[in-house]
Amino acid sequence: MLQSQDQSLRPLTTAHLAQTMSLLTLPNQELRDRILAELAANPALELVEERICPTCKRRLANPGPCPACSRPASDDGPIVFLSARDSARPARSSDLDEAPLDREPAAPESLGEYVLAQLAADLRPEDRRLAAYILASLDDDGFIQDPPAFIARATHSTLEQVDRVLKMIARADPPGLATPGPREALMAQLDVLGSDDPRLALARRILNEAFAELGRREFERIADRLQARAEAVRQAAEYIRDNLNPYPGRAFWGSGRHPVSADPNVYHNPDIQITLNPNGGPASLIVEVFAAVSGWLRVNPLFRQAMAQAGEGRSEDWSGDLDRASLFVKCLQQRNNTVRRLMEILVAGQAEFILRGDRFLQPLTRARVAAEIGVHESTVSRAVAHKSIALPDGRIIPLSKFFDRSLSVRDRIKEIVTQEARPLTDDEIVEILEREGVQVARRTIAKYRAMEGILPARLRHRKQPAAAAPA
DNA sequence: CTATGGCACGGATT
DNA sequence: AATCCGTGCCATAG
């Protein structure tokens, strides 16, 4: 901790670089913990309260005018800016009235307060106490252990009331809270998402009828039972894994301390969100890079002042804090800056992909992006790693998908196969793609097929819907 | 003989 | 420096 010798110099460049790199890799969930730890340990750091843009109601993470609103409406280019973390939930007017939100965001209890604040407007006065009781009874995973009847008795409420409030809570921001277990949490999240993703219907059936098998990844067995294609089941499972979270209480407040159950089915709240710009043209997007904490960090000016006034006796102790604080702030700014520039390029180059789906992903390498924004390619690599992004249609995908060379081809292959009149061999698929200007090796088609769970031509006979029934 | 899956090499990523 | 991914070559199933 104390490295008193180093302080004479300013070896900040290397330390700066190292820390920036390490921060860059962190997703918001973990960055948040990191920031809170730093705040607690360093009195020179200060968390300044967030501001809310008066016109568009967005929470701003930086000083200065709101970038989403200060742009002229005629500008159709993408708008990329930093916004205070608030995950996939659009700003609601009711939040603004209850302005003092998580100022001290660490305490797990505040998850309840956070949800309660959202519900405040819609909640009948007589249900308020009930909601508070339920939220207080949630366990760490966000589940409610007690059966509704028990709650009703404990709070002198009717079962109808309890059910209604439970439903409201389950639809609130970390969706799926106050459900009895992972399965119900996932189903509640499906209802909230309600996008038009084709995998959604099957996902719902799987949760309903084959939840245990899903946990064991027995896709073939599920396909059998539901009379569906194994490929479709696999995709639905993928959708569940990417977009839903079986432990709604954990994802929200960071998984740092929990043993995180080796369950890979945990999604992070997005670190970035892209929405359509209602004021701009059809291709105008708003990109919000969420800050990890509400408000913005700076070196406490009072602390700096106090140090200047204090005698020399104390100042060494404090200057260490001061240096660390300003270093930390700089690193954070650098991280934000890098991510912001990265997103500018991604949105500019991949608008089609964002708006129209996997097929339209342009081939893009991290190296090219690195050259474009003038950083080392490993920097881009770190900026992309471990981050997730919410697309306008509600899908939440890892940021690295933007660099997946095979995505568009795999998507095309899926389509070709579903539309084929007779089973096409890998070589024939190669030819089709060739004619479309896409050059891939035959061997690669085989690999992609495997990835998508598509059977080889020999084994996939006719139609797609229900092919696996007879014994 | 043809369509696929296994193994290994070379470039890209981390 | 370690690892991942697209490909080419080869053995094998049908």
Side-chain angles (χ1 to χ4, degrees), chain A residues 14 17-31 34 219-220 229-231 234 238 241-242 264 268 271-272 331 334-335 338-339 341-343 345-346 349-350 353 358-359 361-389 397-414 416-462 467:
Chain A
T14 67
L17 221 69
Q19 193 171 30
T20 305
M21 287 309 175
S22 76
L23 290 183
L24 197 52
T25 326
L26 261 38
N28 267 352
Q29 300 283 313
E30 289 166 35
L31 183 62
R34 182 67 193 280
F219 301 128
E220 292 77 8
R229 283 177 306 146
E231 173 205 346
R234 202 175 296 273
E238 187 181 318
R241 175 168 53 78
D242 291 346
H268 295 77
D271 303 292
I272 301 159
C331 291
Q334 184 121 27
R335 174 189 194 270
T338 306
V339 176
R341 283 192 293 169
L342 168 67
M343 287 316 300
I345 292 179
L346 288 187
Q350 304 285 15
F353 163 67
D358 291 354
R359 182 91 43 84
L361 182 69
Q362 301 293 320
L364 179 67
T365 76
R366 293 159 172 86
R368 242 189 30 232
V369 174
E372 209 163 328
I373 60 184
V375 297
H376 195 276
E377 55 184 76
S378 74
T379 306
V380 176
S381 192
R382 289 170 185 280
V384 170
H386 308 302
K387 304 210 175 40
S388 59
I389 178 169
I397 61 172
L399 195 54
S400 55
K401 217 169 168 178
F402 277 78
F403 296 90
D404 185 335
R405 277 178 286 175
S406 65
L407 194 62
S408 66
V409 181
R410 266 160 35 206
D411 193 53
R412 181 72 184 112
I413 291 176
K414 275 192 283 186
I416 292 177
V417 170
T418 55
Q419 293 183 351
E420 72 191 357
R422 79 190 148 79
L424 296 173
T425 70
D426 292 349
D427 269 318
E428 288 168 320
I429 296 179
V430 169
E431 270 191 44
I432 294 179
L433 291 176
E434 183 85 83
R435 280 198 287 276
E436 296 175 2
V438 184
Q439 208 176 357
V440 281
R442 187 235 98 219
R443 188 65 189 79
T444 307
I445 301 291
K447 292 255 162 127
Y448 289 171
R449 260 197 310 99
M451 280 190 213
E452 302 292 345
I454 302 175
L455 292 170
R458 181 190 310 280
L459 295 181
R460 57 177 198 271
H461 273 303
R462 283 286 148 75

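Letters A, B, ... are given to chains in the order of the sequence lines, protein chains preceding strands, and every chain is numbered from 1.
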Query - Heavy-atom closest pair, residues A:His386 and A:Pro27 - result: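 Shortest heavy-atom contact: O-CB, 3.0 Å.
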
Does a nitrogen or oxygen in the side chain of [X] sit under 4.0 Å from OP1 or OP2 of [N]?
X: A:Ser406; N: C:dC5; value: no
X: A:Ser378; N: B:dT14; value: no
X: A:Arg405; N: C:dG6; value: no
X: A:Tyr448; N: C:dG6; value: yes
X: A:Thr444; N: C:dG6; value: no

Report task. Describe the nucleic acid contact of A:Thr365 in one word from base, sugar-phosphate, nothing, applying a heavy-atom distance below 4.0 Å. Result -> sugar-phosphate

Report task. Return the set of residues passing side chain to side chain contact (heavy atoms under 4.5 Å, CB included) with A:Gln334 (not counting sequence neighbours), or none when no residue passes. Result -> A:His16, A:Thr20, A:Thr338

Query - Which residues share a side chain to side chain contact (heavy atoms under 4.5 Å, CB included) with A:Ala450, sequence neighbours left out - result: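 With sequence neighbours excluded, A:Ala450 shows a side chain to side chain contact (heavy atoms under 4.5 Å, CB included) to no residue whatsoever.
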
Query raised in the report: Where the side chain of A:Ala441 is concerned, which of C:dG6, C:dT7, B:dT13 is the nearest nucleotide?
Result: C:dT7

Query - Atom CD of A:Gln419 with >12 non-hydrogen neighbours under 6.0 angstrom - result: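 Yes.
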
Starting at atom [atom1] of [X], determine the distance to atom [atom2] of [N], rounded to an integer number of angstrom.
X: A:His376; N: B:dT13; atom1: NE2; atom2: C1'; answer: 11 Å
X: A:Arg366; N: C:dC4; atom1: CZ; atom2: C1'; answer: 11 Å
X: A:Met451; N: C:dC5; atom1: CE; atom2: P; answer: 7 Å
X: A:Arg368; N: B:dG11; atom1: CZ; atom2: P; answer: 19 Å

Requested in this report: Output yes when A:Arg359 and A:Asp411 qualify as a salt bridge under the 4.0 Å nitrogen-oxygen rule, no when they do not.
Outcome: yes

Query raised in the report: Between A:Asp358 and A:Lys414, is the closest basic N to carboxylate O distance under 4.0 Å?
Result: no

Could you list, one pair per line, each protein nitrogen or oxygen that sits under 3.5 Å from a nitrogen or oxygen of nucleotides 1-6 of chain B, together with the distance?
| residue | atom | partner | partner atom | Å |
| --- | --- | --- | --- | --- |
| B:dT4 | OP1 | A:Ala457 | N | 2.9 |
| B:dT4 | OP2 | A:Asp426 | N | 3.0 |
| B:dG5 | OP2 | A:Arg449 | NH2 | 2.9 |
| B:dG5 | N7 | A:Arg442 | NH2 | 3.4 |
| B:dG6 | N7 | A:Arg443 | NH2 | 2.8 |
| B:dG6 | O6 | A:Arg443 | NE | 2.5 |

Requested in this report: Would you confirm whether A:Lys447, through its side chain, and A:Ile445, through its main-chain N or O, come within 3.5 Å as a donor-acceptor pair?
Outcome: no

